[in-house]
Amino acid sequence: MSKPMRKWEELRCRMRTDPAAWFQDTPIENRDLDLLNAYPVSFVDYFKGSFLRKVYHMKAGEGFKQTDWNVEEDVESKQMIASAGGKLIGFDFPPSEPTDWASMTVNVNIQAPPGQGFEWGYLSTSPTNIRIFKGPAFTCELHPWDAMILRDCTPNTSSMINVIKISRRKWDILLMKCCEDFDHPWIVATVLDAGAFDPLASHRFLETSACDCTFSH
């Protein structure tokens, strides 16, 4: 007997069969469809510890700050991403105030199964590579199942940077918000190889924090 699907698995199946319910009147590219239908990658534990973790951000003239992306901060975090160039589809939030961002990095926590050369790390990208889709009402009237696509994510901790099969590639990530975990509502649903990446040529690897994460400028 097959195991019942978890909520994020059910959501992924629904989005695969009816992507327009999330994309609405925005284009659906082949790259998006490839991500929705991607097979699991070996270095991600999809059932434990892989979720949207936090945002590092810095306004011009200020120091670095961080926001944990939990249920309580979900709306504020979405608005912050939009203010830095991300796209919100289907939401009716008021326009964000113009903000002079010097830097912003969105970090997805990746927990690895045994034998992958690392235990955990961050795959990270910038807000301009992010689209957040409001879930259709048929998923849940009170708490629609939102989705998020992050493109061109790259390793952002030394544990993953040292794994060549990961660090020399860019990755697209599909996240699903199911609100089963108050602290980490956005779960990794699929990950797709998005092409070659040269860490030495990237502007993102310029400054390392005390927690071993790198910040973009």
*Asks:* Quick one, I149 and F23 - any side-chain contact, counting heavy atoms below 4.5 Å?
*Replies:* yes
*Asks:* For M58, does its backbone N or O pair with a side-chain atom of S103 as donor and acceptor, under 3.5 Å?
*Replies:* no
*Asks:* Using a 4.5 Å cut-off on heavy atoms from C-beta on, say whether the side chain of K165 contacts that of S42.
*Replies:*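 Yes - at least one pair of side-chain heavy atoms lies under 4.5 Å apart.
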*Asks:* On a heavy-atom basis, which atom in Q66 and which in H57 lie closest, and how many Å separate them?
*Replies:*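 Closest pair (atom of Q66, atom of H57, distance): C-NE2, 3.8 Å.
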*Asks:* What I'd like to find out is whether the side chain of I81 reaches to under 4.5 Å of the side chain of M104, using heavy atoms alone.
*Replies:* yes
*Asks:* Name the residue from I110, V41, T125 that meets the side chain to side chain contact (heavy atoms under 4.5 Å, CB included) definition with W171.
*Replies:*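 Output: one option passes, namely V41.
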*Asks:* Quick one, E73 and D68 - any side-chain contact, counting heavy atoms below 4.5 Å?
*Replies:*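 Sidechains of D68 and E73: no contact.
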*Asks:* Once you round to the nearest 0.5 Å, how far does CZ of F138 lie from CG of D18?
*Replies:* 5.0 Å
*Asks:* Kindly indicate, with the supporting measurements, whether the criterion side-chain hydrogen bond (donor to acceptor under 3.5 Å, both in side chains) is fulfilled by D74 and W69.
*Replies:* CA-CA 6 Å; D74 187 63; W69 201 317; 2.8 Å; yes
*Asks:* Working to the nearest 0.5 Å, report the span between CZ of F197 and CZ of R168.
*Replies:* 9.5 Å
*Asks:* Does R151 pair with D32 as a salt bridge, N-O distance under 4.0 Å?
*Replies:* yes
*Asks:* Contact between Q116 and V163 at the side-chain level, heavy atoms closer than 4.5 Å - yes or no?
*Replies:* no
*Asks:* Over 60° means perpendicular and under 30° means parallel, so classify the ring planes of F43 and F118, tilted if in between.
*Replies:* tilted
*Asks:* Provide the closest heavy-atom pair for P144 versus T139 in the form atom of the first, atom of the second, distance.
*Replies:* CA-OG1, 3.5 Å
*Asks:* Given V191 and Y46, is the side chain to side chain contact (heavy atoms under 4.5 Å, CB included) satisfied, shown in steps?
*Replies:* CA-CA 10 Å; V191 178; Y46 294 89; 4.0 Å; yes
*Asks:* Using a cut-off of 6.0 Å, state whether more than 12 heavy atoms not belonging to Q24 lie near its atom CD.
*Replies:* yes
*Asks:* Between V71 and M176, is there a shared hydrophobic cluster once you connect ILVMFWY residues whose side-chain heavy atoms come closer than 4.5 Å?
*Replies:*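 Looking at the clustering, M176 is in a separate group from V71.
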*Asks:* For L174 and L36, run side chain to side chain contact (heavy atoms under 4.5 Å, CB included): C-alpha distance rounded to whole Å, both residues' side-chain angles, the deciding distance at 0.1 Å, then the answer.
*Replies:* CA-CA 7 Å; L174 173 66; L36 295 182; 3.6 Å; yes
*Asks:* Do side-chain atoms of N109 reach the backbone of L52 as a donor and acceptor pair under 3.5 angstrom?
*Replies:* no
*Asks:* For F91 and I132, work out which heavy atoms get closest and say how close.
*Replies:* CE1-O, 3.5 Å
*Asks:* What distance separates M15 CE from L35 CG, expressed to the nearest 0.5 Å?
*Replies:* 8.5 Å
*Asks:* If you round to the nearest 0.5 Å, how far is CD1 of I187 from NZ of K177?
*Replies:*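 Separation between the atoms: 11.5 Å.
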*Asks:* Assess the residue pair T105 and V55 against the criterion (side chain to side chain contact (heavy atoms under 4.5 Å, CB included)); give the C-alpha distance rounded to whole Å, side-chain angles, the decisive distance to 0.1 Å, and a yes or no.
*Replies:* CA-CA 6 Å; T105 303; V55 183; over 6 Å; no
*Asks:* Let me confirm one number: the CG-SG distance from L192 to C153, rounded to the nearest 0.5 Å.
*Replies:*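 Here the rounded value is 11.0 Å.
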*Asks:* Looking only at heavy atoms, what is the nearest atom pair of W22 and K134, with distance?
*Replies:* CD1-O, 3.9 Å
*Asks:* Nearest 0.5 Å please: distance from the CD atom of Q111 over to the CD atom of E119.
*Replies:* 7.5 Å
*Asks:* Ring of W101, cation from K59 - is the NZ or CZ under 6.0 Å from the centre and inside 45° of the axis?
*Replies:* yes
*Asks:* Please give me the minimum heavy-atom distance between L33 and P19, naming the atom from each residue.
*Replies:* CD2-CG, 4.4 Å
*Asks:* Within the supplied structure, the quantity of interest is the number of heavy atoms (other residues, nucleotides, ligands) at a distance under 6.0 Å from Y39 OH; does it exceed 12?
*Replies:* no
*Asks:* Quick check: do R16 and T190 have side-chain heavy atoms less than 4.5 Å from each other?
*Replies:*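 R16 vs T190: side chains touch.
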*Asks:* If you define the side chain from C-beta out and look only at heavy atoms, does anything of M80 sit under 4.5 Å from E76?
*Replies:*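 When only atoms from C-beta onward are counted, E76 and M80 do not touch, as no gap falls below 4.5 Å.
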*Asks:* Taking all heavy atoms of Y56 and all of N107, pick out the closest pair and write down the distance.
*Replies:*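 Nearest pair, atom of Y56 first, then N107: CD1-ND2, 2.9 Å.
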*Asks:* Using a 4.5 Å cut-off on heavy atoms from C-beta on, say whether the side chain of D152 contacts that of D172.
*Replies:*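 Result yes, sub-4.5 Å side-chain heavy-atom pair found.
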